[in-house]
Amino acid sequence: MSFLDDYQVPYKIIGVRLVSGMLTRVPPDLLLQTGVDTLIFTSLTNSLSHLGDKSTPDLIRSAVTTTLQLIDLTTPSMYPTYGFPLHDHEVQGTPATMLTHILSASQSKSLSIRFSRLSTLLSSSLLGTVIMYTPAFLPPTPSGPDSDPFTDPEHEDTDSNSIPEFTSHVSTRHRRSLNPTLVAVAQSLPHVLTALGIGGARFLKGVIPVLAEWLGMPLLVVPTETGSISEEDASPYDTGMPSSHDSEALVVDVTLHLASLSSLSVLLHTCSPRIGGWSTTIVDALGRCWVGCLDVEKETRCHTILKDSVCVLKQQLKETVIQLSKACSDVIENEYSLLLAFNKTVFEELVGKI
């Protein structure tokens with residue numbers, strides 16, 4: 001607990017790892033009888049409020065994983081979990097009300113504590129603390145040793161005639177980079193929603209607008225670690241430009257968007273009865289993300305860039321659109337038809353074949 005409650009984030013990470021190792025060896029009854037489970041849960045959730053350190057993303061990933069480990073150990077779920085198939089002898093689609101009647105008083109109390117802790121982790125720690133107080137983008141860094149850190153890049157004097165049009169697009173996208181803390185919480189969110197199951201329907205009002213905002217964020221172009229790409233990975237549209245060995249290799253950062261789609265996929269599976277009321281918001285976010293992919297492809301047509309990440313994102317968007325149509329069939333005649341009526345050329349590939 002001394003490590004876990006330390007004010008320095010690196011020591012908190014060590015404490016989280018020690019707790020995770022302890023949970024693999026300590027029997028759950030001992031934790032429940034001594035009340036240590038409540039003490040550890042409180043310390044783990046409190047650790048998610050330290051947002052100003054460069055190691056915060058690692059702390060969020062490890063703390064959320066260990067918290068879910070603690071919840072599953074001390075208050076295991078009595079219901080089938082999304083992502084894990086049922087056994088052959090179990091009845092598919094057994095209503096939760098039928099399972100409730102066969103639970104004992106102790107099991108009902110365990111499920112109540114489980115839902116309460118998962119709700120605290122999602123609503124208070126992730127939504128109410130990390131997501132609310134974490135900016136989406138990091139502040140811009142000076143581009144050179146002589147640059148003024150207090151200069152507004154949008155009002156910086158430059159000779160626009162000497163800069164190619166695409167270079168200005170890339171420099172604009174390079175001015176901002178996603179906050180790694182926000183990416184860490186986005187990648188942890190699907191695991192929490194999976195543990196909640198149908199209980200996640202209670203938090204749709206808080207989760208779906210956040211996912212929609214993340215999906216609508218612009219796709220950022222960042223340089224690769226190697227700085228150059230091979231001839232095989234180069235775009236077929238790279239004609240009349242310098243060779244790939246002489247130009248900077250770029251890649252599109254889609255980590256936040258893919259994590260958002262993963263969370264949305266979990267909700268479409270576990271909370272499908274309540275998704276219909278949010279279909280318009282979801283389709284709007286998917287459409288904006290799709291247009292963002294097309295814009296990046298258009299801007300980078302004559303530039304050396306790795307487009308594999310954009311292709312992965314577009315494929316994931318198509319799968320999510322199909323998944324949404326299965327969860328809410330009315331979306332085909334309503335929202336999807338409106339997209340095609342608005343611009344069939346743009347959205348035909350996304351929703352035209354459903």
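Numbering of residues begins at 1 and proceeds along the displayed sequence.
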Problem - More than 12 heavy atoms from other groups under 6.0 Å of CZ on Phe115 - result: yes

Problem - Phe137 side chain near Asn179 side chain, heavy-atom distance below 4.5 Å - result: no

Practice task
Using the rule that two of Ile, Leu, Val, Met, Phe, Trp, Tyr join whenever any of their side-chain heavy atoms come within less than 4.5 Å, decide whether Leu23 and Leu4 are in one cluster.
Solution key: yes

Handout entry: Spatial distance of atom CD1 (Ile275) from atom NZ (Lys326) [nearest 0.5 Å]
Key = 15.5 Å

Practice task
Determine whether Leu317 and Cys293 make a side-chain contact, defined as any pair of heavy atoms from C-beta on separated by less than 4.5 Å.
Solution key: yes

Exercise for the section: Kindly work out whether a path of hydrophobic side-chain contacts (I/L/V/M/F/W/Y, heavy atoms less than 4.5 Å apart) joins Leu338 to Leu350. Expected result: no

Exercise for the section: Would you check if the side chain of Ser260 reaches a backbone N or O of Leu256 as a donor-acceptor pair within less than 3.5 Å? Expected result: yes

Exercise for the section: Kindly compute the distance separating CG (Leu193) from OG1 (Thr270), expressed to the nearest 0.5 Å. Expected result: 7.0 Å

Exercise for the section: Assess whether atom CD of Glu333 is packed by more than 12 heavy atoms of other residues, nucleotides or ligands within 6.0 Å. Expected result: no

Handout entry: Test side chain to side chain contact (heavy atoms under 4.5 Å, CB included) applied to Thr38 and Arg117, step by step
Key = CA-CA 10 Å; Thr38 303; Arg117 290 181 174 177; 3.2 Å; yes

Practice task
Could you tell me which residues satisfy side-chain hydrogen bond (donor to acceptor under 3.5 Å, both in side chains) with Asp58, sequence neighbours excluded, listed by chain and number?
Solution key: none

Practice task
Answer yes or no: is there a side-chain heavy-atom contact under 4.5 Å between Trp214 and Ile131?
Solution key: yes

Exercise for the section: Indicate the atoms forming the closest heavy-atom contact of Val64 with Ser188, along with that distance. Expected result: CG1-CB, 3.9 Å

Problem - From CA spacing to verdict: side chain to side chain contact (heavy atoms under 4.5 Å, CB included), Val310, Lys314 - result: CA-CA 6 Å; Val310 179; Lys314 291 177 65 176; 4.1 Å; yes

Practice task
Can you see which heavy atom on Thr281 is nearest to which on Ile208, and at what distance?
Solution key: CG2-CG2, 4.1 Å

Problem - Pairs where residues 59-74 contributes a residue and the test side chain to side chain donor-acceptor pair (under 3.5 Å) is met, not counting sequence neighbours - result: Ser20-Gln69, Arg61-Gln187, Asp72-Arg114

Exercise for the section: Answer yes if the side chains of His50 and Gln8 hold a donor-acceptor pair under 3.5 Å, and no otherwise. Expected result: no

Practice task
Just do the side chain to side chain contact (heavy atoms under 4.5 Å, CB included) check on Leu118 and Leu68 with the steps written out, would you?
Solution key: CA-CA 8 Å; Leu118 288 173; Leu68 293 177; 3.7 Å; yes

Practice task
Evaluate the side-chain proximity of Leu189 to Val266: yes if any heavy-atom separation is below 4.5 Å, no if none is.
Solution key: no

Handout entry: Steps toward side chain to side chain contact (heavy atoms under 4.5 Å, CB included) verdict (Thr120, Phe41)
Key = CA-CA 10 Å; Thr120 300; Phe41 176 79; 4.1 Å; yes

Problem - Main-chain N/O of Ile40 paired to Ser43 side chain as donor or acceptor, under 3.5 Å - result: no

Exercise for the section: Check whether any side-chain heavy atom of Leu59 sits under 4.5 Å from a side-chain heavy atom of Asp53, and report yes or no. Expected result: no

Exercise for the section: Please examine the side chains of Leu286 and Leu261, heavy atoms only from C-beta on, and report whether any two atoms are closer than 4.5 Å. Expected result: yes

Exercise for the section: Kindly say whether Thr56 contributes a backbone atom to a donor-acceptor pair with the side chain of Thr181 at under 3.5 angstrom? Expected result: no

Exercise for the section: Answer with yes or no whether the hydrophobic clustering places Phe3 together with Ile60; edges join I, L, V, M, F, W, Y residues whose side-chain heavy atoms lie under 4.5 Å apart. Expected result: no

Problem - Side-chain heavy-atom pair Leu48, Leu121 within 4.5 angstrom cut-off - result: yes

Practice task
Indicate the atoms forming the closest heavy-atom contact of Glu335 with Ser279, along with that distance.
Solution key: OE2-OG, 3.3 Å

Fill in the blank from the handout: So CD1 of Ile354 and CG of Leu324: to nearest 0.5 Å the spacing works out to 8.5 Å

Fill in the blank from the handout: Output for pair (Met1 CE, Asp6 CG), nearest 0.5 Å, gives 12.0 Å

Handout entry: Pairs flagged by salt bridge (charged side-chain N to carboxylate O under 4.0 Å, His left out) wherever residues 263-290 is involved - sequence neighbours left out
Key = Asp284-Arg288

Problem - Contact check, side chains of Leu267 and Trp278, non-hydrogen atoms, under 4.5 Å - result: no

Practice task
Starting from Ile113, walk the hydrophobic network (Ile, Leu, Val, Met, Phe, Trp, Tyr; side-chain heavy atoms closer than 4.5 Å) and list everyone else you reach, by chain and number.
Solution key: none

Problem - Test side chain to side chain contact (heavy atoms under 4.5 Å, CB included) applied to Ser272 - qualifying residues, sequence neighbours left out - result: Ala327

Practice task
Name all pairs fulfilling the salt bridge (charged side-chain N to carboxylate O under 4.0 Å, His left out) condition that reach into residues 9-25, sequence neighbours left out, sorted by first residue then second.
Solution key: none

Fill in the blank from the handout: So SG of Cys271 and CZ of Phe203: to nearest 0.5 Å the spacing works out to 10.5 Å

Exercise for the section: Quick one: pull up OG1 in Thr134 and CG in Leu51 and give me the separation to the nearest 0.5 Å. Expected result: 4.5 Å

Completion exercise
Heavy atoms of Pro190 and Ser262 approach each other most closely as CG-CB, 3.9 Å

Handout entry: Where Ser124 and Thr129 come nearest, the two heavy atoms and their spacing
Key = O-OG1, 2.8 Å

Practice task
Give a yes or no on whether the backbone of Val321 and the side-chain of Tyr336 come within a donor-acceptor separation of less than 3.5 Å.
Solution key: yes

Exercise for the section: State, to 0.1 Å, how close Cys328 and Val331 come at their nearest heavy-atom pair, and which atoms those are. Expected result: O-CG1, 3.0 Å

Problem - Thr42 backbone acceptor or donor facing Thr45 side chain under 3.5 Å - result: yes

Practice task
Say whether Leu219 and Met217 are linked into one hydrophobic cluster, either directly or through other cluster members, by side-chain heavy-atom distances under 4.5 angstrom.
Solution key: yes

Exercise for the section: Give the cluster check for Met132 versus Leu204: same hydrophobic cluster or not, with ILVMFWY residues linked at side-chain heavy-atom distances below 4.5 Å. Expected result: yes

